[in-house]
Amino acid sequence: MHPHGQPSHGVLVVDDDHAIREMLMEALEDAGYRVMSAENGDQALTRLRQAPTLPCVILLDLMMPVMTGWEFHVEQQADARLAAIPVIVLSARPSMQHEAFTITVDEFIQKPVDIARLLTIVDRYCA
Amino acid sequence: MSTSEQINILMVDDQPAKLLSYETILSDLGENLIRANSGREALDQLLKTDIAVILMDVSMPEIDGFELAELIRQHPRYQKTAIIFVSAVHLTDFDQLKGYAAGAVDYVSVPVIPEILRAKVSVFAELYRKTQQLERLNRELEQRVEERTAELNQRADELQRLNVELARSNQERQALLERERAARAEAEVAVQLREQFLAIASHELKTPLTALIGYAQIFQMRAQRARDLSERDAQSLERILAQADRLHRMINALLDVSRIEQGRLRLEHGMLDLTALARRTVAEIQAMSSQQRFDVQSLDVPLWIAGDALRLEQVLYNLLGNAMKYSPRGGAITLSITAQDNTVRVAVRDEGIGIPARDLPHLFERFYRASNVSADNISGVGIGLYVVQEIVRLHGGTVTVESQEGRGSTFTICLPRERTLSNNGGACPDYAALSSQSVAQ
């Protein structure tokens, strides 16, 4: 069940949609990751600041209530402890290039997500 | 004489002989001569007829000339009528004054010299005529002035009415403009709402679809890992994923329509191998088909062109998908690629139901569907070709169609190999010329 033999590796999933959050958690757990989740940017910041060990990657949705993915990323970059965590943006939008205000993230994956591809990318940051 | 009409000259004398002699003298004038033997008779005549000149003897029994003249002057009609007195006695200054005070008068002394009498009467007759003429002219003038005044009043009224009408029509126009402006604003809001709805709906549709596809893939991976899935189940799962992918494409197409309408469909330019892209897309479509034979005619070497790989894949996917969809009874589907100078041509030919000639000019319109699709019950929304045309246009290329109903269709896209600055870099033939050719086919 743990192909990477490192069950302690954690991933943070940030998405306001419950079904998508659950689905991503299942996929990641199947691949042997320990998963934290948050339903908006604000909650994600709280989880990260309370966590004893930081995740190896953050899967970030952009359009969320309370605090959007863009706003979260700005806060994350301002926090020295969190700034280094890689961010993979998952969005239904076709491309980050078309956004009015782009953010520099490590990866961009369009929804609907191809799970195999997602796991390959996550593995790259967490292996 | 200015008029041929005779005027009336009244001669008053108590002696018939004198009257006769006046008549003789004045007959040459050609006027109507009326006799009166006394002042009373003269007054009678004056009331009966309109007299122009009065010739009267001063010394008459009963009423003398001066008294008669005064009586005559009291009548409004005769206040200014010329009176010529004939007097045998010597006229004193007093008499003259008395005479003149009574109006236009003259004297003729006895013995009467015919020429003088004739001349005097003639002058007064002429004066009368002129006065009459003048009065007539005055009346005419007055009438004309009245007419003109009435006319002017009428014009003024009309002008007033026109002004009122103008003001009202201006108001109406203003109201109309305002209504039009409001309607346009309303329409703009409606369009915005529709675009927003389309964008939101598409986004909202994508969310459950993401979960659906994700779970199907998770399920597939688990089964593969455990090796406990039958071939049939595996195939069913493939179908679920294929249908989810179809739904995904439809949602994307709707989003594309919304983007095209807002002018927000943009390309991500890069270099791509068209041969590989075409083969890959044909293979993908072929996997979904059981009845059609697919054939790719191209050189077996990479054909690099500038463009948006995802968008061009979408174009080929749409054209091949249509070829398949509109060939419900099977047949060959051929994709051929030819390179020429600095353009490439990709033609997708099928042997399907074809397109009626009358539908050809509208085929690339949004939500338009050919009239023969219902007979075969082929579903669709009519946005595929609309999106294809827009993507090809953004690449600086053209898309054309040739078809015969019942025989099949050929869609040809022409693309410049290098990125052109304008939409039509001159690489592909003029679009309008080609589309009319396709209509004629």
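All heavy atoms count here, side chains included; hydrogens, waters and symmetry mates do not. Proteins come first, then strands; the chains are lettered A, B, ... in the order of their sequence lines, and each starts at number 1.
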### Message
My understanding is that only residues two or more places apart in sequence, or in another chain, count here; which of them pass side-chain hydrogen bond (donor to acceptor under 3.5 Å, both in side chains) with B:E238?
### Response
B:Q220
### Query
Heavy-atom distance under 4.5 Å between the side chains of A:V113 and B:I213, does that happen here?
no
### Summary
Of the listed A:L118, A:D114, A:D17, A:D15, the one with the largest count of heavy-atom pairs under 4.5 Å with chain B is A:D114
### Task
State, yes or no, whether a side-chain contact exists between B:R222 and A:D30 at a heavy-atom distance under 4.5 Å.
yes
### Task
Might you confirm whether atom CZ of B:R232 has over 12 heavy atoms from other residues, nucleotides or ligands at distances under 6.0 Å?
no
### Query
Within a radius of less than 6.0 Å around CD of B:Q291, do more than 12 heavy atoms belonging to other residues, nucleotides or ligands occur?
yes
### Task
First locate atom CD1 of A:I115, then atom CZ of B:F219, and finally report the distance between them rounded to the nearest 0.5 Å.
14.5 Å
### Heavy-atom pair count under 4.5 Å with chain B, highest-scoring of A:M63, A:E26, A:E22
A:E26
### Task
Identify the heavy atoms of A:P112 and B:L209 that sit nearest to each other, and give their distance.
CG-CD2, 4.1 Å
### Message
Tell me whether the count of non-hydrogen atoms from other residues, nucleotides or ligands lying under 6.0 Å of NE2 in A:H18 goes above 12.
### Response
no
#### Entry: Validation row: B:Q217, A:M23 side chains within 4.5 angstrom (heavy atoms)
no
### Query
Does CZ in A:R49 sit with more than 12 non-hydrogen atoms of other residues, nucleotides or ligands closer than 6.0 Å?
yes
### Query
Rounded to the nearest 0.5 Å, how far does CD of A:Q110 lie from OG1 of B:T210?
9.5 Å
### Message
Using a 6.0 Å cut-off, check whether atom CE of A:M67 has over 12 heavy atoms from anything other than its own residue.
### Response
yes
